[in-house]
Amino acid sequence: MAQSVKGMRDLFGAELRWFQHIEDTARKCFERHGYREIRTPILEELEVFKRSVGDSSDIVKKEMYDFVDKGGRHVVMRPENTAGVVRAMVEHKLLQTSDPQLLYYIGPQFRYERMQAGRYRQFWQIGAESFGVASPESDAESLVMLYDFLRELGLEKLSFSLNSVGTPESRPAFQAAFRAFFAEREAQFCGDCHRRIEENPLRVLDCKVPTCQKALAGHPLISEFLDEASEKHHARLKELLRDLGVPFTEDPRLVRGLDYYTKTAFEVLSGDIGAQSAILGGGRYDLLVKHLGGPDVPAFGWAIGLDRLAMVCQTLRGEAPHRPPALLIPLGDRATGEAMKLARSLWAAGASVQLETRGVALKKAMTTANRTGIQTVLILGDGELDGGTVTVKHMATGEQEAWPLADLATHLKTL
Ligand code: HAM
């Protein structure tokens, strides 16, 4: 029997209902803030990720699904969506004016990672990116939207881990200090880290090898080397978040696994899905647009791991909010013909009704209703047709009553 490819999974049932509920809530919440959806292709040119996520990142080094297509192009199944969104904004010249551009996306991403709980090779992200504003107020607006969205989903206890990773001006001093620290204990670091220290010292901090993590104890912190502008930006952002009641903790060790961040970087970890699992992350990336060939436009954004968020919601809240349709069961030839017309008028009126079309006996249809979680059954037979009613059975209580056909749509919609 054929099976899904390792790391790729089918979504259905209770889990998919959480995905849908989260997506619906996201759309409503983000549109309220003036964000508009963007959809970019799954395939992008390799260069898009090499120049943004970074040559030395784990994502580009070992996690990309990349291949040469039939036309000889080296393409990648996107491992994240920020680079593609920036590529699209530049390509369509959407950043030529000083107007802010607020965008969100929902879609699958691909990383060839080792499988674990909450870690897949095809996973989903919901993300938001805002272009054109460099102020800490812009960071705060985006974080408030994110926080309120998570609260709307019923997640009350989450707190952002926040740091500033500075700018290229503040990096050389940090890198010198970090290289000196590394040199003193280089024998304790793995081969990959020896490569990383040459290419991009920050990436040593991402190493997942336990001995490397141990050797990192007491390392110089990037936040100790901030330039004045980054320092001021960070202080103002923290002030705004406190004012707005958005909880955060400062984490001077936080650096992200992607190269494009400047100033603000943040994550939310959740213990509900395994010790080290981030449910979301993001930050400011003021240099990326220009780096990908666009104008000098600052930006801020984040992405949520939808698979992980759905897992947290399911653990904390059980079933996603969901109302099953009523089941309309016709009994006898005459009702079978009439039931289709009735269902059609109910659908047109916006009621949610599933039609039993198997022509089975009532008992069998009721078993299906029970098994599939249907709450309301509508029975239509000759007696009902003659009386202009339908018999309604409420599955939870077993109660039965007659509703006039004329009021049926209204009744169903208020259930
Ligand atoms: P990221 O931290 O690489 O950031 O990914 C964001 C989130 O995607 C993670 O926190 C995690 O929840 C989820 N995620 C990543 N890999 C997997 C996986 N293999 N399986 C399941 N979930 C996963 C970015 O992608 C940036 N583009 C975020 C951003 C947007 N920064 C600025 N704008």
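Note that the coordinates shown come from a computational prediction; the quantities given were computed from them, not determined experimentally. We count ligands from 1, going down the list as the structure has it; atoms in each ligand are counted the same way.
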Arg32 meets the salt bridge (Lys or Arg N to Asp or Glu O under 4.0 Å) criterion, sequence neighbours left out, with Glu152

Is it the case that Thr82 and Glu129 place a side-chain donor and acceptor less than 3.5 Å from each other?
-> yes

When the ring centroid of Phe30 is compared with that of Trp302, is the distance short of 6.0 Å?
-> yes

For ligand 1, the residues whose heavy atoms come within less than 4.0 Å (ordered by chain, then number) | Glu80, Thr82, Tyr105, Arg111, Glu113, Gly118, Arg119, Tyr120, Phe123, Gln125, Glu129, Arg256, Leu258, Tyr260, Tyr261, Ala278, Ile279, Leu280, Gly281, Gly282, Tyr285, Gly301, Trp302, Ala303, Gly305, Arg308

Sequence neighbours excluded and cut-off under 3.5 Å, please list the side-chain donor-acceptor pairs for residues 153-163, or say none.
unit_1, atom_1, unit_2, atom_2, d
Asn163, ND2, Asp251, O, 3.4
Asn163, ND2, Pro252, O, 3.2
Asn163, ND2, Leu254, O, 2.8

Just checking, Arg51 and Phe49: is the charged tip under 6.0 Å from the six-membered ring centre and within 45° of the axis?
-> no

Can you list every pair that meets ring pair (Phe, Tyr, Trp, His ring centres under 6.0 Å) and has a residue in residues 54-73, with sequence neighbours left out?
-> Tyr65-Tyr112

